[in-house]
2 protein chains.
Amino acid sequence: MGKQMTEMLKGTLEGMVLAILSVQPAYGYEITARLREQGFSDVVEGTVYALLIRVEQRGLVDVEKVPSEKGPPRKVYTLNAQGREYLEEFWRTWSFLAERLEQLHHDEEE
Amino acid sequence: MGKQMTEMLKGTLEGMVLAILSVQPAYGYEITARLREQGFSDVVEGTVYALLIRVEQRGLVDVEKVPSEKGPPRKVYTLNAQGREYLEEFWRTWSFLAERLEQLHHDEEE
DNA sequence: TCCGCTATTCAGTGTTACTATGTACCGGTA
DNA sequence: TACCGGTACATAGTAACACTGAATAGCGGA
């Protein structure tokens, strides 16, 4: 991944993680692995953990410690009602931006 | 506009400005006004000027001073060959991100 | 015992957009 | 002449966020 992607992820990575959590609860290491599998190859643990702490402090997710067979206990995050509201707002913002960008891309090719 | 949009613009605003310049040359004040008209209501001059200086220093645009009837001389920016390459890369990055987000949005609604 | 994988944490850095303010040029008007 | 509003650019300071790099810790297998 390049610098452009790094900058573009600012403001969208958070929404992506919340969207992942809206499908089903997950923990940091797992979320990171999933993102990397989907092509975001240099999203690293540190980034996701910091993000999870932020959304937790803002009250968008609930946390539960679950023991793991393979290592230290996992912190499993669940999207709560406030998080769902915030996620909806995220999609609205994203859609607005995506529409304008589509328009720009289209204009450019004429 | 909210905080979400502010964060999302990091990494996309630059591409948007370059896309505007790829259609036709323009100057800072004009670009700002156009963005604001299109709904990016709190993009301010200072932001765009700083961005234009950055892309100029990276050699993505050419600059020409043009006298104005209504005020101080305008700095008219034109996208050059290197800028076009960079813009193509921007669109590739954007498309990749947009596809994954569409997928996430879709998954979420099942 | 040591290594590799799982899993979390944290201090430090760089980039970017916004805030707030200042400078400067011009035309119109009182 | 003096002032004001609109045009146009510049810049120091701040906040937010993703990445770097390193540390800690638990578990199983060679």
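All chains are named by letter (A, B, ...) in the order of the sequence lines, taking the proteins before the strands, and each is independently numbered beginning at 1. Every heavy atom of this structure was used, including side-chain atoms; hydrogens, water molecules and symmetry mates were not.
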Exercise. Tell me what A/G28 touches on the nucleic acid: a base, only sugar-phosphate, or nothing, going by heavy atoms under 4.0 Å.
Key: sugar-phosphate
Quiz prompt | Closest non-hydrogen atom pair, A/G28 against A/V48 | solution = O-CG1, 4.0 Å
Self-check item: Heavy-atom side-chain contact between A/E56 and A/K75 under 4.5 Å
Solution: yes
Quiz item: Can you name the nearest heavy-atom pair linking B/I31 to B/A26, along with the distance?
Solution: CG1-CB, 3.8 Å
Quiz prompt | Shared hydrophobic cluster for A/V55 and A/V63 (ILVMFWY, side-chain gaps under 4.5 Å) | solution = yes
Exercise. Mind calculating the distance between NZ (A/K3) and P (D/dT20) to the nearest angstrom?
Key: 13 Å
Quiz item: Between residues 86-99 of chain B and DNA chain C, which residues have a heavy-atom gap below 4.0 Å?
Solution: none
Exercise. Verify the contact: side-chain N or O of B/Y49 to OP1 or OP2 of D/dA10, cut-off strictly under 4.0 Å; return yes or no.
Key: no
Exercise. Indicate yes or no: at least one non-hydrogen side-chain atom of B/R36 is less than 4.5 angstrom from one of B/V44.
Key: yes
Quiz item: Any sub-3.5 Å donor-acceptor pair from A/Q4's side-chain atoms to B/F90's backbone N or O?
Solution: yes
Quiz item: Between B/T78 and B/E64, is any pair of side-chain heavy atoms under 4.5 Å apart?
Solution: no
Quiz item: So which pairs with a foot in residues 36-73 of chain B pass ring-ring contact (aromatic ring centres under 6.0 Å, His included), sequence neighbours left out?
Solution: A/F96-B/F40
Quiz item: Taking five pairs at each end, how big is the angle between the two axes of the helix from C/dT1-D/dA30 to C/dA30-D/dT1, to 10°?
Solution: 20°
Quiz prompt | Contact summary for A/L87 and A/S22, nearest pair of heavy atoms | solution = CD2-CB, 3.7 Å
Quiz prompt | Under the side-chain hydrogen bond (donor to acceptor under 3.5 Å, both in side chains) test, residues paired with B/R92 that sit two or more places apart | solution = B/E89
Quiz prompt | Spacing between B/E45 atom CD and D/dG6 atom P, to the nearest angstrom | solution = 13 Å
Self-check item: Residues within residues 35-44 of chain B bordering DNA chain C, heavy-atom distance below 4.0 Å
Solution: B/D42, B/V44
Practice problem: Using chain A heavy atoms and a threshold of under 4.0 Å, write down where along DNA chain C the contacts begin and end, 5' to 3'. | Solution: C/dT6 to C/dT16
Quiz item: Are A/Y86 and A/I53 connected in the hydrophobic side-chain network, where two residues link if heavy atoms are under 4.5 Å apart?
Solution: no
Practice problem: Scan residues 72-79 of chain A against DNA chain C and write down, sorted by residue number, each residue with any heavy atom closer than 4.0 Å; if none is found, say none. | Solution: A/P72, A/P73, A/R74, A/K75
Quiz item: Going by atom types only, do A/E30 and A/Y77 share a side-chain donor-acceptor pair under 3.5 Å?
Solution: no
Quiz item: What's the CG-P distance between B/L51 and D/dC9, to the nearest Å?
Solution: 14 Å
Quiz prompt | Any residue of residues 54-71 of chain A with a heavy atom less than 4.0 Å from an atom of DNA chain D | solution = A/R54, A/E69, A/K70, A/G71
Quiz prompt | Single-linkage hydrophobic cluster, 4.5 Å side-chain cutoff, A/Y29 and A/V66 together | solution = yes
Quiz item: A/T32 versus A/T47: any side-chain heavy-atom pair under 4.5 Å?
Solution: no
Quiz item: Listed by chain and number, what are the side-chain hydrogen bond (donor to acceptor under 3.5 Å, both in side chains) partners of A/E108, not counting sequence neighbours?
Solution: B/W91
Quiz item: For DNA chain D, which residues in residues 7-27 of chain A have a heavy atom at a distance below 4.0 Å?
Solution: A/L9, A/K10, A/G11, A/L13
Quiz item: Under the side-chain hydrogen bond (donor to acceptor under 3.5 Å, both in side chains) test, which residues partner B/R74, sequence neighbours left out?
Solution: B/Y27
Quiz item: How would you list, by chain and number, every residue that makes a side-chain hydrogen bond (donor to acceptor under 3.5 Å, both in side chains) with A/E45, sequence neighbours excluded?
Solution: none
Exercise. Evaluate the side-chain proximity of A/Q38 to A/M16: yes if any heavy-atom separation is below 4.5 Å, no if none is.
Key: no
Quiz item: Do A/R34 and A/E37 sit within salt-bridge range, that is, some charged N less than 4.0 Å from a carboxylate O?
Solution: no
Practice problem: For the residue pair B/L35 and B/L13, establish whether any side-chain heavy-atom pair is separated by less than 4.5 Å. | Solution: yes
